[in-house]
Amino acid sequence: MQGSKALNLMFDVSFSAGHNNSRVWALASEKLTSLEIGYIPSVMVAELFSPNFGFHQSLNCIQPSILPNIHKLCLSVDYITDAMVGKISKGLNSLTHLDLRDAPMSEPGVTSDLTNSGLQQINQHGKLKHLSLVRTQEFLSTYFRRVNDLGLLLMADKCKTMESIFLGGFCRVTDTGFKTILHSCSKLYKLRVSHGTQLTDLVFHDISATSLSLTHVSLRRCTLLTNHAVTSLASNKDLKVLDLRDCRNLGDEALQAISTLPKLKALLLDGSDISDVGLSYLRPGVISSLISLSVRGCKKLTDKCISALFDGSSNLELQELDLSNLPNLSDNAVLLLAKSRVPILELRMRQCPLIGDTSVMALASMVVDEERWHGNSLRLLDLFNCGGITPLSFRWLKKPYFPRLRWLGVTGSVNRDMVDALARSRPFLRVSRRGEELGVEEWDNSDDFYMHDYDEMDEFERWLLDGEDENADEEMVNAEDNAEAME
């Protein structure tokens with residue numbers, strides 16, 4: 001692009017021919033600063049960043065890196081290995097952002113795994129600011145078995161200027177290792193730990209004594225944490241994002257501490273032990289700053305959680321609300337939500353057995369302000385596997401209702417013909433029938449809080465929508481008639 005200062009590249013090389021790799025990479029521009037690859041074998045990565053890769057004709061001469069100006073590298077691989085980490089750390093002199101994630105299909109052997117030795121090789125040039133090392137559980141329940149506290153001690157010694165760290169799957173690391181990171185990296189403001197099965201409250205016990213000013217903290221599936229950890233974390237008054245999903249031992253006391261965070265924008269509490277009373281603690285201050293709130297799977301919550309959050313509140317900025325998997329949430333809660341006029345863009349209520357047609361009608365009629373009505377603010381609505389949804393709801397999902405809706409989750413088996421007809425009648429609406437999560441990008445940068453970029457409709461899109469095929473509306477009518485005939 002004209003005037004751009006950086007060149008970015010993102011692609012998938014899973015089907016590329018091995019013998020042409022050197023030729024392909026030799027064509028890469030020296031101006032390339034950011035590279036994201038959806039999948040690449042770890043062996044190919046090690047080859048790519050070997051000094052003589054692609055220069056077999058000059059074996060006696062050590063060549064510089066084939067991608068000399070890379071600042072940001074994001075790779076999804078089969079195995080994160082010591083060899084790969086070493087080649088990347090040594091070969092990329094300008095690297096400031098390293099994001100590696102793997103998904104092993106079998107248990108890694110000694111030579112195809114990350115160990116303490118590999119962690120010691122990170123940041124050899126001292127320029128790294130953002131580090132993410134994640135072992136996912138996509139194919140196999142596994143973790144970094146060959147990394148313990150010593151590995152993090154060795155890494156922390158070279159990462160004192162790090163600003164953002166994400167560690168996922170380091171199940172042998174204890175409080176000692178994680179605490180070393182907090183006390184060594186004085187510039188750290190983003191911390192994410194996933195599956196930290198040995199991480200306890202002690203890690204954060206004396207965090208107020210450090211010089212840290214954390215703004216983003218994610219401790220997903222750190223199941224040993226209790227309210228005491230959150231109370232300690234709340235000493236960081238600059239916190240903007242707090243992700244405590246699947247921390248089952250957190251309750252209302254944690255919400256009392258969270259209520260003191262004046263800058264909080266995103267709060268995720270999925271699966272915690274909070275109650276309606278606990279959520280009311282957020283109303284005096286925090287709810288007015290929140291943009292994203294998730295209480296998915298918090299089984300104690302009832303319809304009263306909506307009034308606990310929104311009664312008497314004004315000037316709310318909340319745009320994303322996840323109320324999924326709440327067995328006691330009913331249409332009455334959605335009626336209260338609609339009356340509150342909160343300008344929500346994303347509303348998730350999947351797996352709520354008591355949510356039905358009344359909720360869809362309430363949202364379709366929801367008035368946010370004088371200029372936005374007919375559910376005008378919603379861009380995403382997830383109703384997958386809601387027990388009370390019938391073909392009646394689909395009448396309220398047609399024009400002119402929900403004009404800005406771009407993502408819709410429903411159960412395909414409710415009435416397949418009506419679902420298909422709706423998808424055809426609204427060409428810019430992505431209808432999900434199989435229960436997949438909506439709005440999730442292929443490369444998940446969830447360690448950074450961001451809002452989905454919902455562009456306003458351009459002239460071409462408006463022209464298409466205004467001139468929608470009348471046959472699509474006829475299909476919806478026919479599908480409705482067929483549904484009624486079957487009742």
Side-chain angles (χ1 to χ4, degrees), residues 9-22 24-25 35-50 53 72-89 91-92 97-122 131-148 151-152 155 165-173 177 192-199 218 220-223 245-246 270 432 434-438 440-447:
L9 181 63
M10 181 177 182
F11 65 107
D12 192 317
V13 299
S14 55
F15 297 105
S16 65
H19 62 280
N20 287 325
N21 287 335
S22 60
V24 171
W25 289 109
L35 177 63
E36 299 183 13
I37 302 181
Y39 173 77
I40 182 172
S42 56
V43 174
M44 189 182 297
V45 177
E47 291 177 352
L48 172 61
F49 296 106
S50 294
F53 181 72
K72 179 179 180 179
L73 181 66
C74 302
L75 304 177
S76 180
V77 299
D78 48 357
Y79 301 102
I80 298 176
T81 69
D82 287 352
M84 179 177 65
V85 169
K87 295 287 178 58
I88 291 173
S89 298
L92 299 181
H97 185 127
L98 177 61
D99 187 334
L100 301 177
R101 64 188 64 198
D102 67 8
M105 299 188 68
S106 60
E107 195 61 47
V110 177
T111 58
S112 59
D113 202 2
L114 181 68
T115 71
N116 293 338
S117 177
L119 289 179
Q120 191 176 13
Q121 301 180 62
I122 290 175
L131 174 66
S132 177
L133 297 172
V134 178
R135 174 151 290 173
T136 66
Q137 315 291 310
E138 185 176 355
F139 305 112
L140 182 69
S141 180
T142 186
Y143 55 92
F144 292 109
R145 300 179 184 276
R146 296 173 175 86
V147 174
N148 54 28
L152 264 64
M155 185 183 78
I165 293 179
F166 179 15
L167 302 174
F170 289 82
C171 296
R172 290 191 62 200
V173 176
R192 284 192 74 192
V193 178
S194 176
H195 290 89
T197 56
Q198 297 194 57
L199 188 152
S218 174
R220 189 176 185 185
R221 295 180 183 171
C222 297
T223 54
R245 285 175 288 177
D246 302 309
D270 302 13
S432 167
R434 301 181 181 88
E436 57 267 38
E437 292 288 346
L438 304 183
V440 177
E441 301 295 332
E442 182 176 358
W443 191 273
D444 178 17
N445 288 318
S446 53
D447 54 320

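Quick caveat, the model's predicted, so the values are computed rather than measured.
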Compute both the distance and the angle, then confirm whether Arg145 meets the cation-pi test with Tyr143: under 6.0 Å from the six-membered ring centre, within 45 degrees of the axis. yes
For a 4.5 angstrom cut-off between non-hydrogen side-chain atoms, does [X] reach [Y]?
X: Met155; Y: Leu131; value: yes
X: Leu75; Y: Met44; value: no
X: Val45; Y: Lys87; value: no
X: Leu114; Y: Val147; value: yes
X: Met105; Y: Asp78; value: no
X: Ile122; Y: Leu133; value: yes
X: Lys72; Y: Glu36; value: yes

Considering all heavy atoms of both residues, which atom of [X] and which atom of [Y] are nearest to each other, and what is their separation?
X: Ala103; Y: Thr136; result: CB-OG1, 3.2 Å
X: Val193; Y: Phe166; result: N-CD1, 4.5 Å
X: Gly38; Y: Ser76; result: O-CB, 3.0 Å

To the nearest 0.5 Å, how far apart are [atom1] in [X] and [atom2] in [Y]?
X: Asp102; Y: Leu140; atom1: CG; atom2: CG; value: 10.5 Å
X: Asp270; Y: Asp246; atom1: CG; atom2: CG; value: 6.5 Å
X: Phe144; Y: Ile80; atom1: CZ; atom2: CD1; value: 4.0 Å
X: Ser112; Y: Glu107; atom1: OG; atom2: CD; value: 9.0 Å
X: Leu199; Y: Arg221; atom1: CG; atom2: CZ; value: 15.5 Å
X: Arg146; Y: Ser117; atom1: CZ; atom2: OG; value: 13.0 Å

Given side chain to side chain contact (heavy atoms under 4.5 Å, CB included), test Leu100 with Ile88 step by step and report yes or no. CA-CA 11 Å; Leu100 301 177; Ile88 291 173; 4.2 Å; yes
Identify, with sequence neighbours excluded, every residue that meets side-chain contact (heavy atoms from CB on, under 4.5 Å) alongside Gln198. Thr174
Run the side-chain contact (heavy atoms from CB on, under 4.5 Å) test against Tyr79 and tell me which residues pass, sequence neighbours left out.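 Tyr79: side-chain contact (heavy atoms from CB on, under 4.5 Å) contacts with Ser42, Thr81, Pro104, Ser106, Pro108.
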So Leu167 and Leu152, side chain to side chain contact (heavy atoms under 4.5 Å, CB included) or not? Walk me through it. CA-CA 10 Å; Leu167 302 174; Leu152 264 64; 4.0 Å; yes
